[in-house]
Student: 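Pasting a structure below so you can have a look.
All ligand and atom numbering here is 1-based and tracks the order in the structure. Computed from a predicted structure; not experimentally measured.
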Amino acid sequence: MSTSAIMNTYGERTTTLTRGEGPYLWDSNGTRYLDALSGIAVCGLGYNYPAVTRAICEQAEKLVHCSNLYIIEPQQALGNLLVELSGMERVFFSNSGAEANEAALKIARKYGQQKGIKAPEVITADKSFHGRTLATLSATGNQKVKNGFEPLVSGFVHVSYNDINAIKAAATENTVAIMVEPIQGEGGINIPADDYLNQLRDLCDEKGWLLMLDEIQSGNGRTGEFFAYQHNKIKPDVVTTAKGLGNGVPIGACLARGAAAEILQPGNHGSTFGGNPLVCAAALAATKALVDEKLIARAATLSTIMLESLKTQLKDSTKVADIRGKGMMFGIQLNRDCAELVEKAKAKHLLLNVTAGSTIRLLPPLIISDEQAQTIVDTVVQLIEEF
Ligand SMILES: Cc1ncc(COP(=O)(O)O)c(C=O)c1O
């Protein structure tokens with residue numbers, strides 16, 4: 001039996017990581033790993049990014065925390081920058097992705113209540129992942145994460161992803177919003193048809209529903225736009241992000257536009273730590289770096305190189321069912337479950353992840369060099385050949 005004081009929510013862990021620099025991490029034995037996962041889509045700038053580290057240190061010397069009863073300068077600056085980059089109008093800062101989605105869901109509920117809908121419903125997708133709080137796991141389209149936690153929060157209707165007709169069929173007079181990921185991350189890097197988000201936008205406009213996009217994994221430059229919806233030239237009513245926003249400090253954001261931006265009023269919502277000076281200073285530096293260093297465009301360029309190389313090298317593999325990717329989000333779906341590849345990759349000094357049972361998921365940092373990108377591809381190809 002484990003002697004650890006930590007609850008066993010992550011299963012057995014065998015590697016202790018103690019240091020990071022760029023795309024590399026070192027364990028307590030001094031072994032270096034190339035990280036093709038970025039702390040699960042968090043450290044897009046890699047580790048110990050100088051401008052972020054500097055911002056954290058400088059802010060820590062000035063003011064780590066004050067309550068949201070006062071104006072917080074880095075919070076204002078980050079809010080303004082996010083609004084500018086996203087085309088949204090207002091921001092609520094949280095501490096995590098799930099909390100950002102909680103804010104979005106509360107907006108949807110109150111939006112419905114204001115229209116006289118007593119039991120508002122939000123349509124979400126099968127194979128989605130929206131978080132582990134009770135409302136967000138109720139929204140999630142994966143039975144495995146819900147088992148044992150009933151009764152769930154009511155008011156969610158699940159439909160097939162990438163199927164506008166399924167939404168039309170599931171809608172009722174209580175429908176108030178659609179919430180989907182522009183690319184499903186945990187569900188296996190599932191990329192919908194090019195016009196899926198446009199179809200959702202049109203349907204929401206027609207019906208007066210809120211379009212709420214969960215960009216907690218796909219946001220912050222990862223897909224080659226700041227938010228993935230920007231590929232579609234649409235704007236959602238609500239978008240949530242977290243992971244890559246602070247490059248490792250815990251911060252989430254729920255951005256809204258139009259009527260949705262005015263729903264939460266004093267007393268409706270809040271957070272002690274959400275948007276505190278330290279995390280906002282870090283996220284501001286991280287977001288500025290993404291823009292200033294042109295890393296969003298770089299994600300798109302690297303994506304093409306990596307996808308082409310993966311597809312070329314694996315084109316004759318009988319073990320591969322599909323190769324998907326957009327920006328620095330890649331899913332290589334095998335014909336059988338392959339969770340064991342995580343440890344096998346680690347033995348080759350590469351960190352990656354397997355999701356949805358049989359999909360190797362790569363979420364590399366946006367700062368990797370061409371050579372590092374090739375090393376990731378070549379190692380994955382070798383792993384599959386040996387599997
Ligand atoms: C799309 C999406 N939504 C929500 C979450 C939950 O974020 P957090 O773990 O920060 O609560 C995740 C985390 O993996 C995610 O990928």
Student: As an exercise, identify every atom of ligand 1 less than 4.0 angstrom from a heavy atom of Gln217.
Tutor: 16 (O)

Student: So, is Ile216 polar-close to ligand 1, with some N/O to N/O distance under 3.5 Å?
Tutor: no

Student: How are the rings of His65 and Phe273 set to each other: parallel, tilted or perpendicular (split at 30° and 60°)?
Tutor: perpendicular

Student: With the threshold set at 4.0 Å, does a side-chain nitrogen-carboxylate oxygen contact exist between Glu386 and Lys348?
Tutor: yes

Student: Does ligand 1 come near enough to Gly97 that some N or O of the ligand is less than 3.5 Å from an N or O of the residue?
Tutor: yes

Student: Under a 4.0 Å threshold between the charged nitrogen and the carboxylate oxygen, would Lys168 count as salt-bridged to Asp163?
Tutor: no

Student: Is any heavy atom of the protein nearer than 4.0 Å to atom 8 (P) of ligand 1?
Tutor: yes

Student: Looking at Asp195 and Arg201, does any basic side-chain N land under 4.0 Å from a carboxylate oxygen?
Tutor: no

Student: Is the closest N or O pair between Gly131 and ligand 1 shorter than 3.5 Å?
Tutor: no

Student: Which atoms of ligand 1 sit under 4.0 Å from any heavy atom of Lys243?
Tutor: 12 (C), 13 (C), 14 (O), 16 (O)

Student: Could you tell me which atoms of ligand 1, counted from 1 in the order shown, lie closer than 4.0 angstrom to a heavy atom of Asp214?
Tutor: 1 (C), 2 (C), 3 (N), 4 (C)

Student: Provide the number and element of each atom of ligand 1 under 4.0 Å from a heavy atom of Asn101.
Tutor: 3 (N), 4 (C)

Student: Hey, what's the ring geometry for Phe156 with His158, parallel, tilted or perpendicular (30° and 60° as the breaks)?
Tutor: tilted

Student: Should the proximity of Ala98 to ligand 1, defined as any heavy atom under 4.0 Å, be assigned to the side chain, the backbone, both, or neither?
Tutor: both

Student: Between His231 and Thr223, is any side-chain donor less than 3.5 angstrom from a side-chain acceptor?
Tutor: yes

Student: What verdict does the side chain to side chain donor-acceptor pair (under 3.5 Å) test give for Asp35 and Tyr47, after you've listed the backbone C-alpha separation in whole Å, the side-chain angles of each residue and the deciding distance to 0.1 Å?
Tutor: CA-CA 10 Å; Asp35 184 11; Tyr47 300 95; 2.4 Å; yes

Student: When you measure from atom 2 (C) of ligand 1 to every protein heavy atom, which one gives the shortest distance, and what is it?
Tutor: Phe129 O, 3.3 Å

Student: Quick check on contacts: which atoms of ligand 1 are under 4.0 angstrom from a heavy atom of Glu186?
Tutor: 14 (O), 16 (O)

Student: Classify the side-chain pair Asn101/Thr240 by whether it contains a donor and acceptor separated by less than 3.5 Å.
Tutor: yes

Student: What atoms of ligand 1 come closer than 4.0 angstrom to any heavy atom of Glu181?
Tutor: 1 (C)

